[in-house]
Amino acid sequence: MKIASFDIDAQKGFTPLCPDELPVPEGHLIAGALNHLASFAELRLGSKDAHSPQAAWVVQTQAEMLQPLELANADLTWVSHCVPGTPGFELLDTLPAPLAYDYFVWKGVEPDLHPYGACYHDLADTRSTGVIEYLRQQQVDTVLVGGLALDYCVKTTALQLRRAGFRVGVYLPACRAIADHTAAQACEQMRSEGVELYDSAAQLAAAVPQKEA
Ligand code: VGL
């Protein structure tokens with residue numbers, strides 16, 4: 001069994017450190033759990049949102065968010081977040097630098113794109129970011145996922161990996177969600193498609209063999 005871990009959008013823009021972006025409650029507290037998850041894996045992958053401040057889906061206030069859009073690859077409005085060169089773009093402290101990961105994806109770079117999953121650039125899942133091909137080429141069979149936010153980018157990435165044929169486990173202590181009801185729906189959908197969910201370090205250790213030191 002070859003295991004990879006995948007840190008999804010573990011960026012300050014999704015934490016209370018950046019209250020004007022998309023502050024996921026407790027989002028800044030997951031770095032230790034992501035590092036623990038990586039200790040089970042031979043390969044570590046990561047992703048970041050990398051968005052233009054002038055993106056087509058940007059609205060000025062949180063009250064205007066979540067409105068549907070007619071764009072092919074940006075389904076909802078969001079406030080500006082994770083703009084390169086700003087604090088919100090940075091990974092959480094104590095995570096590796098992007099180039100210290102074995103494979104890294106920057107997503108949503110084009111102003112008309114706002115994908116959630118890290119495996120495809122478009123919402124129809126047809127334009128690969130190369131993650132799935134990399135994992136296959138490395139003969140990975142299990143991918144352990146954590147990050148922000150559980151109910152959007154983590155869920156979508158886990159489902160994309162599962163549909164591509166990998167065993168996928170989501171480590172919940174390494175995730176936080178935007179909202180409780182969408183988190184519950186996300187967990188139900190992931191479970192129904194065969195994604196494993198681990199509630200605790202003990203459950204993770206029971207499901208996945210510990211890497212030799
Ligand atoms: C995300 C909402 C908007 C995420 C990104 O990373 O989960 N959520 N943009």
Side-chain angles (χ1 to χ4, degrees), residues 5-31 33-34 45-69 71-84 86-92 95 98 101 104-123 125 129 131 145-161 168 170-172 174-187 189-190 195 197:
S5 71
F6 201 167
D7 299 353
I8 306 298
D9 303 0
Q11 290 169 273
K12 293 178 183 173
F14 296 118
T15 75
L17 302 171
C18 294
D20 296 333
E21 297 193 20
L22 292 172
V24 178
E26 298 188 355
H28 59 306
L29 302 181
I30 65 167
L34 286 171
L45 288 71
S47 68
K48 265 182 162 184
D49 270 3
H51 294 316
S52 165
Q54 270 107 38
W57 42 264
V58 168
V59 289
Q60 297 310 310
T61 65
Q62 308 212 346
E64 300 164 90
M65 284 195 330
L66 298 167
Q67 298 304 311
L69 290 169
L71 299 170
N73 287 299
D75 62 344
L76 296 171
T77 57
W78 297 99
V79 294
S80 182
H81 57 277
C82 302
V83 174
T86 69
F89 182 63
E90 292 171 13
L91 290 177
L92 300 177
L95 293 180
Y101 283 80
F104 206 88
V105 175
W106 291 265
K107 62 195 181 73
V109 180
E110 295 290 335
D112 59 341
L113 301 186
H114 190 275
Y116 300 97
C119 298
Y120 300 97
H121 291 297
D122 62 325
L123 292 181
D125 292 3
T129 60
V131 167
V145 180
L148 302 170
L150 175 65
D151 33 358
Y152 289 90
C153 290
V154 173
K155 172 190 82 170
T156 305
T157 304
L159 290 171
Q160 289 172 341
L161 291 166
V168 180
V170 173
Y171 183 43
L172 295 172
C175 303
R176 292 295 188 277
I178 292 183
D180 288 344
H181 69 284
T182 44
Q185 284 168 4
C187 288
Q189 186 181 358
M190 288 192 284
V195 173
L197 303 178

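As the structure lists them, so they are numbered: ligands from 1, and atoms in each ligand from 1. Throughout, residue positions are numbered sequentially from 1 according to the sequence presented.
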Chemist: Are Lys107 and Ser47 packed together at the side-chain level, in the sense that at least one heavy-atom pair is separated by less than 4.5 angstrom?
Modeler: yes
Chemist: For His81 and ligand 1, answer yes if some heavy atom of the residue is under 4.0 Å from a ligand atom, otherwise no.
Modeler: yes
Chemist: Under the side chain to side chain donor-acceptor pair (under 3.5 Å) criterion, do Asp7 and Tyr101 qualify, and how do the steps go?
Modeler: CA-CA 10 Å; Asp7 299 353; Tyr101 283 80; 2.7 Å; yes
Chemist: Does any non-hydrogen side-chain atom of Trp57 lie less than 4.5 Å from one of His51?
Modeler: yes
Chemist: Answer yes or no: are there more than 12 heavy-atom neighbours, outside Gln60 itself, under 6.0 Å from its atom CD?
Modeler: no
Chemist: Suppose we measure from atom 8 (N) of ligand 1 to each protein heavy atom; which comes out shortest, and what is that distance?
Modeler: Tyr152 CB, 3.6 Å
Chemist: Tell me the closest heavy-atom pair linking Thr156 and Tyr116, and the distance in Å.
Modeler: OG1-CB, 3.7 Å
Chemist: Taking 4.0 angstrom as the limit and counting only heavy atoms of Cys153, give me the atoms of ligand 1 inside it, by number and element.
Modeler: 1 (C), 4 (C), 5 (C), 6 (O), 7 (O)
Chemist: Are any of the N or O atoms of Tyr116 closer than 3.5 Å to those of ligand 1?
Modeler: no
Chemist: Quick one: which ligand 1 atoms are inside 4.0 Å of a heavy atom on Ala149?
Modeler: 4 (C), 6 (O), 7 (O)
Chemist: Can you tell me how far the CG atom of Asp49 sits from the CZ atom of Phe14, to the nearest 0.5 Å?
Modeler: 4.0 Å
Chemist: Under 4.0 Å from a heavy atom of Leu148: which atoms of ligand 1 are those, numbered in the order shown and with their elements?
Modeler: 4 (C), 6 (O), 7 (O)
Chemist: Quick one: look at Asp49 and ligand 1, take heavy-atom pairs under 4.0 Å, and tell me if it's side chain, backbone, both or neither.
Modeler: side chain
Chemist: Atoms of ligand 1 less than 4.0 Å from Asp9 heavy atoms?
Modeler: 6 (O)
